[in-house]
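Report on the following structure.
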Amino acid sequence: ELARSVPHVSMIYSFLGHNDESKLPAALVRDHASRTTFSHVVPCKGVEGSTYPARQVAYSISQLGHKKLILKSDNEPSILALKSEAAEFLRKDYGCEVIFEESPVEPHESNGVIENAAGQVAGQVRTMNDQLQRDYASTFPTGHPLYAWLVNHAGFLISRFQVGVDGKTPYQRLKGKAWKRPLAKFGECVHYMPIDTAKAHMNKLAARWRDGIFLGLRDSSNEYFVG
């Protein structure tokens, strides 16, 4: 009964590089009930040298709104370390009670939800990368900073637009409504007005709009990221 009443959230590492796959490790998170998915490029597997991966995972999970959850992963040491540190941030910063659950590394049946997420994110990343290379007539190295944004946006798109057999998107299951906002294509050249422009006392002839590249949106506020 406890397992059924407490929300389950799974996490896993995935590798999305071109040739040397270790160049682009990503931490993936999926909520079992809504299928909301988060994907973040991280410096490396594990938590050595930076608190960013754990803080980002904790922040993403906090967006689900659970006050108590079962956090599931396989028993690989690096993902266990990330899970443990993320749970500490969830408890300390968001007041969330976290229960750990592990499954064997090899059997895919026991990790079906997150393995499925990994496949969907990889497919979305490939599609977006192909579109980006075609638009710019160029191939970007795996270590290019834009891939951190691209991978993050891949999870964002899956969560808001992937329609399930129930006819709903993950966002609809989680929020009870469809996500509706104007959305540019990733990497598209856009005109934008900096946040401080409206408050600044500018020369009336000075341009208020600038050119930039669309890099995604913030999960919590739907603010646009422009580089």
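Positions are given from 1, in the same order as the sequence printed here.
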Look at [X] together with [Y] and state whether they make a salt bridge at an N to O cut-off of under 4.0 Å.
{"X": "Asp31", "Y": "Arg173", "answer": "no"}
{"X": "Glu85", "Y": "Arg55", "answer": "no"}
{"X": "Lys83", "Y": "Asp74", "answer": "no"}

Close side-chain approach of [X] to [Y], heavy-atom, < 4.5 Å:
{"X": "Leu215", "Y": "Val226", "answer": "no"}
{"X": "Phe186", "Y": "Leu132", "answer": "yes"}
{"X": "Met128", "Y": "Val125", "answer": "no"}
{"X": "Arg30", "Y": "Phe38", "answer": "no"}
{"X": "Ser73", "Y": "Tyr13", "answer": "no"}
{"X": "Val41", "Y": "Leu24", "answer": "yes"}
{"X": "Gln133", "Y": "Ser138", "answer": "no"}
{"X": "His153", "Y": "Leu183", "answer": "yes"}

Rounded to the nearest 0.5 Å, what's the gap from [atom1] on [X] to [atom2] on [Y]? Could you check?
{"X": "Glu97", "Y": "Ile99", "atom1": "CD", "atom2": "CD1", "answer": "5.5 Å"}
{"X": "Ile61", "Y": "Leu69", "atom1": "CD1", "atom2": "CG", "answer": "6.5 Å"}
{"X": "Glu76", "Y": "Leu82", "atom1": "CD", "atom2": "CG", "answer": "10.5 Å"}
{"X": "Ile70", "Y": "Ser5", "atom1": "CD1", "atom2": "OG", "answer": "7.5 Å"}
{"X": "Leu71", "Y": "His66", "atom1": "CG", "atom2": "NE2", "answer": "10.5 Å"}
{"X": "Cys96", "Y": "Phe89", "atom1": "SG", "atom2": "CZ", "answer": "14.5 Å"}

Tell me which pairs pass salt bridge (charged side-chain N to carboxylate O under 4.0 Å, His left out) where either residue lies in residues 124-144, with sequence neighbours left out.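 Checked against salt bridge (charged side-chain N to carboxylate O under 4.0 Å, His left out) - neighbours excluded - the pairs reaching residues 124-144 are Asp135-Lys185.
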Within 45° cone of Tyr224 ring axis and under 6.0 Å: Arg210 NZ or CZ: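 Output no; distance or angle outside limits.
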Thr169: side-chain contact (heavy atoms from CB on, under 4.5 Å) partners, not counting sequence neighbours: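 So Thr169 forms a side-chain contact (heavy atoms from CB on, under 4.5 Å) with Val163, Tyr171, Gln172.
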Parallel, tilted or perpendicular, judged at 30° and 60°: which one describes the rings of Phe140 and His144?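 Judged by the thresholds at 30° and 60°, the geometry between Phe140 and His144 is perpendicular.
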Ring center gap for [X] and [Y] short of 6.0 angstrom:
{"X": "Trp209", "Y": "Tyr192", "answer": "no"}
{"X": "His40", "Y": "Tyr59", "answer": "no"}
{"X": "Phe156", "Y": "Trp179", "answer": "yes"}

Restricting to ring-ring contact (aromatic ring centres under 6.0 Å, His included), what partner residues turn up for His191, sequence neighbours left out?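 So His191 forms no ring-ring contact (aromatic ring centres under 6.0 Å, His included) with any residue.
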List the atom of [X], the atom of [Y], and the distance in Å for their closest heavy-atom pair.
{"X": "Pro43", "Y": "Pro53", "answer": "CD-CG, 3.8 Å"}
{"X": "Lys68", "Y": "Val6", "answer": "O-CG1, 3.9 Å"}
{"X": "Leu217", "Y": "Arg181", "answer": "CD2-NH1, 4.4 Å"}
{"X": "Asn129", "Y": "Tyr147", "answer": "OD1-OH, 2.6 Å"}
{"X": "Pro145", "Y": "Trp149", "answer": "O-CD1, 3.5 Å"}
{"X": "Val42", "Y": "Ala27", "answer": "CG1-CB, 4.0 Å"}

Do Arg35 and Gln120 have a side chain donor and acceptor closer than 3.5 Å? no
